[in-house]
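For reference, the structure is listed below as structure tokens.
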Amino acid sequence: MAGGDDLKLLGAWPSPFVTRVKLALAFKGVSYEDVEENLYNKSELLLKSNPVHKKIPVLIHNGAPVCESMIIVQYIDGVFTGTGPSLLPVDPYERAVARFWVAYVDDKLVAPWRQWLKGKTEEKSEGKKQAFAAVEVLEGALRECSKGGGFFGGDGVGLVDVALGGVLSWMKVTEVLSGDKIFDAAKTPLLAAWVEHFSGLDAAKAALPDVGRLLEFAKAREVAAAASN
């Protein structure tokens, strides 16, 4: 543990939001106890730690719980300043820009992507359309934010990289299930290169869920959903 800190992460391995926290901890080089939750039978610790939403992820730091993935990521960056790279820029304006694009990733990419993955036929089509529109906008955002460095954080990984990186394995699963190329080198070359660079980082390799395992999980969930209907 970093400096004797007691850290527990309550999560579930397939969750892209839990993956964000794991990425932040990996990039900062902070060790922690990974507590796998059964979301169909939530533990008393989870219910006590997040009584409002009763959701994962929750980071428990020296007994104090912190909830919501990107709030946790920023908390990690603020608390563990002496280890690993800073995920948020020092400049207040650049911090604001990073937070804007994090919100964009969640509102304009992740939300419609989930609709594409889980919705009914008409909802799937609209979700897919919105997700691809968001990817095009993020190509421009990467061009501006990276300043030629390859990451949203410039030469190194920053807050937006972690936000988008959290859903990266799921995006690859979606490509397999749908046959659509989400980060197409012909249409969004910067993002396609970003995917390769980010996925190749040691911290990302340690934190990202295995795509094959995630694909099997997604297929099993589809079968279960079809059976219940």
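In what follows, residues are counted from 1 in the order of the sequence shown. Quick caveat: nothing in here was measured; it's all calculated off a predicted structure.
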Got a list of side-chain donor-acceptor pairs under 3.5 Å for residues 214-226, not counting sequence neighbours?
none

Exercise for review: Go through the steps for Y32 and K8 under the test side chain to side chain contact (heavy atoms under 4.5 Å, CB included), then give the verdict.
Suggested key: CA-CA 6 Å; Y32 61 97; K8 291 184 178 69; over 6 Å; no
**Study point:** Distance-minimising heavy-atom pair for K54 and L46
**Key:** O-CD2, 4.3 Å
Review point. Which heavy atom in V162 sits nearest to a heavy atom in L23, and how many Å separate them?
Key: O-CD1, 4.0 Å
**Study point:** Reported CG-to-CZ distance for the pair L87 and R95, which is rounded to 0.5 angstrom
**Key:** 10.5 Å
Check your understanding: Taking atom types as modelled, is there a side-chain donor on S199 or K172 under 3.5 Å from an acceptor on the other?
Key -> yes
Review point. Is it the case that one hydrophobic cluster holds both I76 and V160, taking links as side-chain heavy atoms less than 4.5 Å apart, direct or via other members?
Key: no
Point to revise | Criterion ring-ring contact (aromatic ring centres under 6.0 Å, His included) on W116 and F132, from CA distance to verdict | key: CA-CA 11 Å; W116 175 14; F132 272 101; 5.6 Å; yes
Practice item. Evaluate the side-chain proximity of K147 to D155: yes if any heavy-atom separation is below 4.5 Å, no if none is. Key: no
Which side-chain N or O atoms in residues 163-170 pair as donor and acceptor under 3.5 Å with protein atoms at least two apart or in another chain?
residue	atom	partner	partner atom	Å
S169	OG	P209	O	2.9
W170	NE1	P14	O	2.7

Check your understanding: If you round to the nearest 0.5 Å, how far is CD of E123 from NZ of K128?
Key -> 15.5 Å
Check your understanding: Are any of the side-chain heavy atoms of E37 and S43 separated by less than 4.5 Å?
Key -> yes
Check your understanding: Which of parallel (below 30°), tilted (30 to 60°) and perpendicular (above 60°) describes Y104 and W101?
Key -> perpendicular
Practice item. Please lay out, stage by stage, how V97 and C145 fare under the test side chain to side chain contact (heavy atoms under 4.5 Å, CB included). Key: CA-CA 9 Å; V97 170; C145 295; 4.2 Å; yes
Review point. Shared ILVMFWY cluster between I60 and L39, side chains joined below 4.5 angstrom?
Key: yes
Review point. Hey, what do you get for OG (S86) to CG (D77), rounding to the nearest 0.5 Å?
Key: 4.0 Å
Point to revise | Distance in Å, I56 CD1 paired with E36 CD, rounded so as to fall on 0.5 Å steps | key: 7.5 Å
Review point. Taking the side chain as C-beta and beyond, is there a heavy-atom pair between S146 and L190 under 4.5 Å?
Key: no
Point to revise | Q130 (side chain) donor-acceptor with L109 (main chain) under 3.5 angstrom | key: no
**Study point:** Student check: side-chain heavy atoms of Q74 and L159 closer than 4.5 Å
**Key:** yes
Exercise for review: Check whether any side-chain heavy atom of F17 lies under 4.5 Å from a side-chain heavy atom of V21, and answer yes or no.
Suggested key: no
**Study point:** Derivation of the side chain to side chain contact (heavy atoms under 4.5 Å, CB included) call for S49 and L10
**Key:** CA-CA 9 Å; S49 301; L10 310 186; 4.2 Å; yes
Review point. Thinking salt bridges, do K205 and D210 make one under a 4.0 Å N-O criterion?
Key: no
Review point. Is the closest basic N to carboxylate O distance between D34 and K22 below 4.0 Å?
Key: yes
Check your understanding: Closest heavy-atom contact between C67 and V58?
Key -> SG-CG2, 4.1 Å
Exercise for review: Report the C-alpha separation of L25 and K28 in whole Å, then their side-chain angles, then the decisive distance to 0.1 Å, and conclude whether the side chain to side chain contact (heavy atoms under 4.5 Å, CB included) test is met.
Suggested key: CA-CA 5 Å; L25 290 165; K28 297 295 282 186; 6.0 Å; no
Practice item. Heavy atoms only: give me the nearest P57-V18 pair and the separation to one decimal. Key: CB-CG2, 3.8 Å
**Study point:** More than 12 heavy atoms of other groups within 6.0 Å of K108 NZ
**Key:** no
**Study point:** K181 (side chain) donor-acceptor with E175 (main chain) under 3.5 angstrom
**Key:** no
Check your understanding: With no hydrogens and no angle check, do the side chains of H61 and D5 hold a donor and an acceptor under 3.5 Å apart?
Key -> yes
Check your understanding: With the 4.5 Å side-chain cut-off for hydrophobic clustering, are L88 and V30 part of the same group?
Key -> no
Practice item. Could you pull out the closest heavy-atom pair between T83 and G29, with the gap in Å? Key: OG1-O, 4.3 Å
Exercise for review: Kindly say whether I182 contributes a backbone atom to a donor-acceptor pair with the side chain of D180 at under 3.5 angstrom?
Suggested key: no
Check your understanding: When you check the side-chain N and O atoms of T188 and E136, is any donor under 3.5 Å from an acceptor?
Key -> no
Review point. Between CD1 of I72 and CG of L9, what distance do you get to the nearest 0.5 Å?
Key: 7.0 Å
Practice item. Look up atom CG in N50 and atom CD in E68, then write down how far apart they are to the nearest 0.5 Å. Key: 7.0 Å
Practice item. Examine F27 and L7 and state if one hydrophobic cluster contains both, with Ile, Leu, Val, Met, Phe, Trp and Tyr joined whenever side-chain heavy atoms are less than 4.5 Å apart. Key: no
Exercise for review: Following the transitive rule for hydrophobic clusters with a side-chain heavy-atom cut-off under 4.5 Å over Ile, Leu, Val, Met, Phe, Trp and Tyr, establish whether V73 and F80 coincide in one cluster.
Suggested key: no
Review point. Where does the angle between the aromatic ring planes of W194 and F152 fall among parallel (under 30°), tilted (30 to 60°) and perpendicular (over 60°)?
Key: perpendicular
Practice item. Please examine the side chains of P65 and L59, heavy atoms only from C-beta on, and report whether any two atoms are closer than 4.5 Å. Key: no
Revision key, fill the gap. Taking every heavy atom of G156 against every heavy atom of D161, the minimum-distance pair comes out as O-OD2, 4.2 Å
